[in-house]
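Have a look at the structure below before the remarks.
Counting starts at 1 for both ligands and their atoms, following the listed order. Just so you know, residue 1 is the first one in the sequence shown, and it goes up from there.
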Amino acid sequence: MINIPKGTKDVLPADSYKWQYVEEKARQVARLYGLREIRTPVFEYTELFSRGVGETTDVVTKEMYTFLDKGNRSVTLKPEGTAGVARSFIENGLYGTPMPLKMYYIIPAFRYERPQAGRLREFHQFGAEVYGSAAPDTDAEVIALAHDFIASLGLKAKLRINSIGCKKCRKAFNDALKEYFRPRLGEMCPDCRARFDKNPMRMLDCKVPACKAIAAGAPTILDYLCDDCKEHFAAVQKYLQIAGIPYEIDPGIVRGLDYYTRTVFEFVSEEIGAQGTVLGGGRYDGLIEEIGGPSTPAVGFAAGLERLLLLMEKSGASFPAAPAPVVYIAGMDAACREKAFEIAAVLRRAGVPCEVDHMERSLKAQFKYADKLQAKYTAVIGGNELQEGVMDVKNMSDSSRERVPFADAVGYFAEK
Ligand code: HAM
């Protein structure tokens, strides 16, 4: 017996409609906001992520599925969607197309993390990326999209926002952080000691309890924002208010990836345990240049689909009904089943989902199966019906019956 790899999950036939529902909601809201889909490969050269996502992040240092291909090139299964989109933007010269360029994707992503509820090694994201606008109303529009997506699923999650400033104010903040952490370094984990030199802001995101406790007293970025960043953050909030989107400011949000500048945000639910962040994102004005493209401001987010589905189950949000055939056509014997097969072929071509017996079951067993499939109608063809050219059709919701000539089947069921 070969088992599924740790931290991965099958989506079984009985559940896949739930995924399709969430994905369709994502596509709908993307259409409403004028985003078009972009598809990039599941793997990229490793360097894209080490440079794009950041050398000091947990994602890059600990969690990547990296391997050498047969040509000895280091490739990595994408741990997130943003870096691949940025690579494609540069490589395909999309900066030459009208701005802003609005894109979305629905992708599997891979991180070698310790699996738990809401944390997997293969998970799925709905992501949105908007390129070319540095304006605060663009941040607010992207956040509004995220908000509307979550709301369209009947879910509630708290929006928390923060600004982590630009290169300019980050320098002053990093100096302040170093001053704060320096005397406490001895009590901190080896990772944090390395982060201290390379990227002190990462220390605010450490998951080790002792480091977390120390980080709780650290200076907050909001006290170090430059005037431009302050103004930008205030304007983002103004536009959120205009769009009627409630938010809280949480100076503790720094995000786990290095490319962010200015606005960062998360939608969090307390109903699904420790992994409550169902969606995260922010502005990343430096990434495209960092990986070799022309300076291009950008803002985006990604939602974790497993976490959203978990939240839907936990909060009792409703899914649409599972798909079911309109009609199950039961045949009494071989000749009747042949007729059923013929009518089914015609019905399906007319767009009517229907089922027939493939197991040579008795009529009784066929009815039982039709019931399990939750067919809306059961049609029976017995010896008499076959002679008369009619089906005996039963409406399963009220048990009413009608005799429907074979020739009228399409007209009859197309309306149902
Ligand atoms: P992220 O915060 O690393 O951001 O991931 C976004 C979302 O993916 C998380 O909020 C969570 O719902 C889900 N997620 C992350 N890791 C896992 C996991 N191991 N298992 C299950 N779900 C997970 C990004 O990935 C950025 N690329 C978002 C972004 C786009 N920023 C700008 N544009």
Taking all atoms of both residues into account, what is the closest heavy-atom pair of [X] and [Y], and its distance?
{"X": "G7", "Y": "P115", "value": "CA-CG, 3.8 Å"}
{"X": "V327", "Y": "A375", "value": "C-CB, 4.4 Å"}
{"X": "P79", "Y": "M64", "value": "CG-SD, 4.1 Å"}

Ion pair present between [X] and [Y], side-chain N to carboxylate O less than 4.0 angstrom?
{"X": "E187", "Y": "R184", "result": "no"}
{"X": "E266", "Y": "R255", "result": "yes"}
{"X": "E24", "Y": "R31", "result": "yes"}
{"X": "K62", "Y": "D191", "result": "yes"}
{"X": "K18", "Y": "D15", "result": "yes"}
{"X": "E37", "Y": "R27", "result": "yes"}
{"X": "D205", "Y": "R195", "result": "no"}

### From the candidates E306, Q116, H124, R111, the one that places a heavy atom nearest atom 16 (N) of ligand 1
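Looking at heavy atoms only, R111 sits closest to atom 16 (N) of ligand 1.
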### Message
If you take the nearest heavy atom of each of E113, R255, R114, which one is closest to atom 1 (P) of ligand 1?
### Response
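That would be R255.
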#### Entry: side chain to side chain contact (heavy atoms under 4.5 Å, CB included) between F149 and L308, intermediate numbers included
CA-CA 11 Å; F149 169 55; L308 286 169; 3.4 Å; yes
### Expected output: side-chain T261 to main-chain D285 donor-acceptor under 3.5 Å
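Yes: the side chain of T261 pairs with the backbone of D285.
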Quick one: which ligand 1 atoms are inside 4.0 Å of a heavy atom on [X]?
{"X": "V278", "result": "10 (O), 12 (O)"}
{"X": "T82", "result": "26 (C), 27 (N), 29 (C), 30 (C), 31 (N), 32 (C), 33 (N)"}
{"X": "G281", "result": "31 (N)"}
{"X": "E80", "result": "25 (O), 26 (C), 27 (N)"}
{"X": "Y260", "result": "26 (C), 28 (C), 29 (C), 31 (N), 32 (C)"}
{"X": "E129", "result": "30 (C), 32 (C), 33 (N)"}
{"X": "L279", "result": "10 (O)"}
{"X": "Y284", "result": "32 (C), 33 (N)"}

For [atom], what is the nearest protein heavy atom, given as residue, atom name and distance?
{"atom": "atom 26 (C) of ligand 1", "answer": "Y259 OH, 3.2 Å"}
{"atom": "atom 14 (N) of ligand 1", "answer": "F123 CE1, 3.5 Å"}
{"atom": "atom 8 (O) of ligand 1", "answer": "Q125 NE2, 3.2 Å"}
{"atom": "atom 9 (C) of ligand 1", "answer": "T277 O, 4.0 Å"}
{"atom": "atom 24 (C) of ligand 1", "answer": "L257 CD1, 3.5 Å"}
{"atom": "atom 7 (C) of ligand 1", "answer": "A302 O, 3.5 Å"}

Would you say [X] has any N or O atom under 3.5 Å from an N or O of ligand 1, going by distance alone?
{"X": "Y105", "answer": "no"}
{"X": "A303", "answer": "no"}
{"X": "L120", "answer": "yes"}
{"X": "G304", "answer": "yes"}

### Task
Check F110 against ligand 1 and report side chain, backbone, both or neither, counting heavy atoms closer than 4.0 Å.
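F110 to ligand 1: no contact under 4.0 Å from either part.
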### Query
Side chain, backbone, both or neither: which part of E266 has a heavy atom under 4.0 Å from ligand 1?
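It is neither part, as no heavy atom is under 4.0 Å.
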### Aromatic ring pairing Y284/Y259, orientation class (parallel under 30°, perpendicular over 60°, tilted between)
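Ring orientation, 0 to 90° scale: tilted.
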Does ligand 1 have any atom that is closer than 4.0 Å to a heavy atom of [X]?
{"X": "F267", "value": "no"}
{"X": "R119", "value": "yes"}
{"X": "G118", "value": "yes"}

### Aromatic ring proximity Y328/F367, centre distance under 6.0 Å
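Not close enough - the centres of the two rings lie 6.0 Å or further apart.
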### Query
Can you find a pair of side-chain heavy atoms, one from K416 and one from F413, that are under 4.5 Å apart?
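They are in contact (side-chain heavy atoms under 4.5 Å apart), so the answer is yes.
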